[in-house]
Number of protein chains: 2
Amino acid sequence: MKLSKTEEELMNHLWKLNKAFMKDLLEVYPEPKPATTTVATLLKRMTDKGFVGYNLFGNARQYYPLVKKKDYFSKHLNGLIKTFFNDSTSQFASFFAKETDLSKEELEELRNLIDTEIKNK
Amino acid sequence: MKLSKTEEELMNHLWKLNKAFMKDLLEVYPEPKPATTTVATLLKRMTDKGFVGYNLFGNARQYYPLVKKKDYFSKHLNGLIKTFFNDSTSQFASFFAKETDLSKEELEELRNLIDTEIKNK
DNA sequence: AAAATACCTCTACATTTGTAGAATTAAAAT
DNA sequence: ATTTTAATTCTACAAATGTAGAGGTATTTT
């Protein structure tokens with residue numbers, strides 16, 4: 001199962017907040033904020049899809065993510081890579097290194113990261 | 001404008017083939033193949049959205065992509081990065097380096113690529 | 001030429017998505 | 001206790017998506 005674009009956005013807020021009531025979620029939306037019921041609908045759908053859980057406080061709910069961002073994103077990225085790069089991560093990697101607009105500093109940082117990864121293998 | 005998931009898949013076939021008639025496109029689908037009309041509908045929608053063009057040969061069309069895979073994908077990836085990494089490419093990069101399952105060899109290759117990129121800056 | 005093939009457009013329809021009003025309920029504030 | 005606030009569920013509806021039948025035309029095959 002997958003989240004839709006708007007659901008993903010909301011999920012992302014939830015990942016940041018970790019735990020949140022409706023109010024908190026509405027707050028992070030920029031103007032013009034969606035209607036409360038809109039967010040409520042989304043949360044309901046996301047709950048049905050198994051991505052969100054909650055604890056009751058009176059009749060209100062404190063929502064929290066049921067999937068880790070990392071996991072969700074990994075799967076996602078793999079889908080992308082599968083679709084666009086014949087399922088080849090390294091093909092994607094080289095695309096990324098070339099086409100992305102990282103600064104020299106960021107690239108150097110990335111290289112260091114990769115070096116560390118290499119040592120751990 | 002954006003392509004839907006299924007449209008993307010078809011687009012990807014088109015990128016691979018570069019130029020293709022219906023027949024060619026149907027061929028690349030694994031069993032169970034979709035109905036011809038299904039693919040036709042998709043192609044029509046994609047044409048309307050401006051992602052696909054064609055040349056007439058009799059009443060048949062030879063379709064071709066109007067956007068480069070690279071460009072399409074870049075935009076796409078940026079969307080992802082925006083959604084999940086606070087719009088920070090380098091944050092994504094480090095996620096990628098850590099979470100991806102590249103082999104030592106692939107990582108080394110990637111590092112070399114990055115080195116080259118650094119030199120070009 | 002007749003038949004078969006390929007492929008197009010139109011139409012259709014169920015699902016999913018984006019958005020939100022109406023009605024309701026529980027908790028908080030006065 | 002009454003009003004206000006926050007949040008929920010139900011219902012609704014337009015647009016987008018996935019899928020494909022029906023019907024028509026051009027091209028190729030026999």
Side-chain angles (χ1 to χ4, degrees), chain A residues 1-14 17-66 72 76 79-80 82-83, chain B residues 1-14 17 19-66 72 75-76 79-80 82-83:
Chain A
M1 193 84 75
K2 201 192 156 298
L3 297 173
S4 79
K5 208 76 198 140
T6 356
E7 288 167 345
E8 266 176 14
E9 201 187 335
L10 181 50
M11 193 67 189
N12 208 39
H13 294 153
L14 200 50
L17 297 173
N18 205 38
K19 282 175 180 301
F21 292 93
M22 266 287 330
K23 183 175 48 164
D24 310 317
L25 289 168
L26 265 174
E27 257 170 31
V28 280
Y29 278 93
E31 297 293 349
K33 294 183 191 301
T36 317
T37 49
T38 301
V39 177
T41 302
L42 292 175
L43 283 170
K44 193 173 180 33
R45 289 178 184 166
M46 290 157 85
T47 305
D48 292 346
K49 290 182 183 174
F51 287 92
V52 171
Y54 58 82
N55 290 313
L56 277 172
F57 283 75
N59 73 332
R61 300 171 178 177
Q62 187 179 42
Y63 296 95
Y64 54 86
L66 286 179
Y72 183 81
H76 225 244
L80 266 205
K82 191 162 295 193
T83 306
Chain B
M1 193 86 75
K2 200 191 158 297
L3 295 173
S4 79
K5 208 75 201 144
T6 356
E7 288 168 346
E8 266 175 16
E9 201 187 335
L10 182 50
M11 194 67 190
N12 208 38
H13 294 152
L14 200 50
L17 298 174
K19 281 175 181 301
F21 291 93
M22 266 288 328
K23 185 174 47 163
D24 310 317
L25 289 169
L26 266 174
E27 256 170 31
V28 280
Y29 276 94
E31 297 293 349
K33 293 183 192 302
T36 317
T37 48
T38 301
V39 177
T41 302
L42 292 175
L43 284 170
K44 192 172 179 34
R45 289 178 184 166
M46 289 157 84
T47 305
D48 292 346
K49 290 182 182 174
F51 287 93
V52 170
Y54 57 82
N55 290 313
L56 279 171
F57 284 75
N59 72 331
R61 300 170 178 180
Q62 188 179 40
Y63 297 95
Y64 55 85
L66 286 179
Y72 183 80
K75 189 178 276 185
H76 224 245
L80 265 206
K82 191 161 296 193
T83 305

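Values in this document were obtained by computation on a predicted structure and should not be read as measured data. In what follows, chains are A, B, ... by sequence order, proteins preceding strands, each numbered from 1.
With DNA chain C read from its 5' end, the first of the two nearest nucleotides for A/S4 and B/M22 is the one closest to B/M22. Both A/K33 and A/K2 lie near DNA chain C, and the one whose nearest nucleotide falls closer to the 5' end is A/K2. Of the two residues contacting DNA chain D, namely A/R45 and B/T6, the nearest-nucleotide position lying further toward the 5' end is that of A/R45.
Taking 4.5 Å as the limit, every side-chain heavy atom of B/L43 sits out of range of all side-chain heavy atoms of B/Y54. A 4.5 Å side-chain heavy-atom check between B/V52 and B/Y63 finds at least one atom pair inside the cut-off. Inter-residue side-chain proximity for B/Q62 and B/D24 is flagged as unmet; no heavy-atom pair is nearer than 4.5 Å. A heavy-atom distance below 4.5 Å is not found between the side chains of A/M46 and A/K44. Residues A/Y64 and A/N18 fail the side-chain proximity criterion, which asks for heavy atoms closer than 4.5 Å. No side-chain heavy atom of A/F57 sits under 4.5 Å from any side-chain heavy atom of A/R61. Counting heavy atoms from C-beta outward, B/E8 and B/N12 have side chains that stay 4.5 Å or more apart.
Minimum interatomic distance between B/P34 and B/V39 (heavy atoms only, all atoms of both residues): CG-CG2, 3.8 Å.
For the contact set between residues 34-44 of chain B and DNA chain D, defined by any heavy atom under 4.0 Å, the members are B/P34, B/A35, B/T37, B/T38, B/T41. A heavy atom lying under 4.0 Å from DNA chain D marks the following residues of residues 46-63 of chain A, by number: A/N59, A/A60, A/R61, A/Y63.
Partners of A/E9 under the salt bridge (charged side-chain N to carboxylate O under 4.0 Å, His left out) rule, at least two apart in sequence or in another chain, do not exist in this structure. Judged as a ring-ring contact (aromatic ring centres under 6.0 Å, His included), and not counting sequence neighbours, the contacts of B/Y29 are B/H13.
With rounding to the nearest 0.5 angstrom, the CG atom of B/L26 is 14.0 Å from the CZ atom of B/F21.
Heavy atoms from other residues, nucleotides or ligands lying under 6.0 Å from NZ of B/K23 number 12 at most.
Think of the region where chain B sits on DNA chain C: with heavy atoms and a 4.0 Å cut, that region ends 5' and 3' at C/dC7 to C/dT9. Chain A approaches DNA chain D over the interval D/dA7 to D/dT9, counting the first and last nucleotide 5' to 3' with an atom under 4.0 Å from its heavy atoms.
Remark: B/K2 does not engage B/E7 in a salt bridge, criterion side-chain N to carboxylate O under 4.0 Å.
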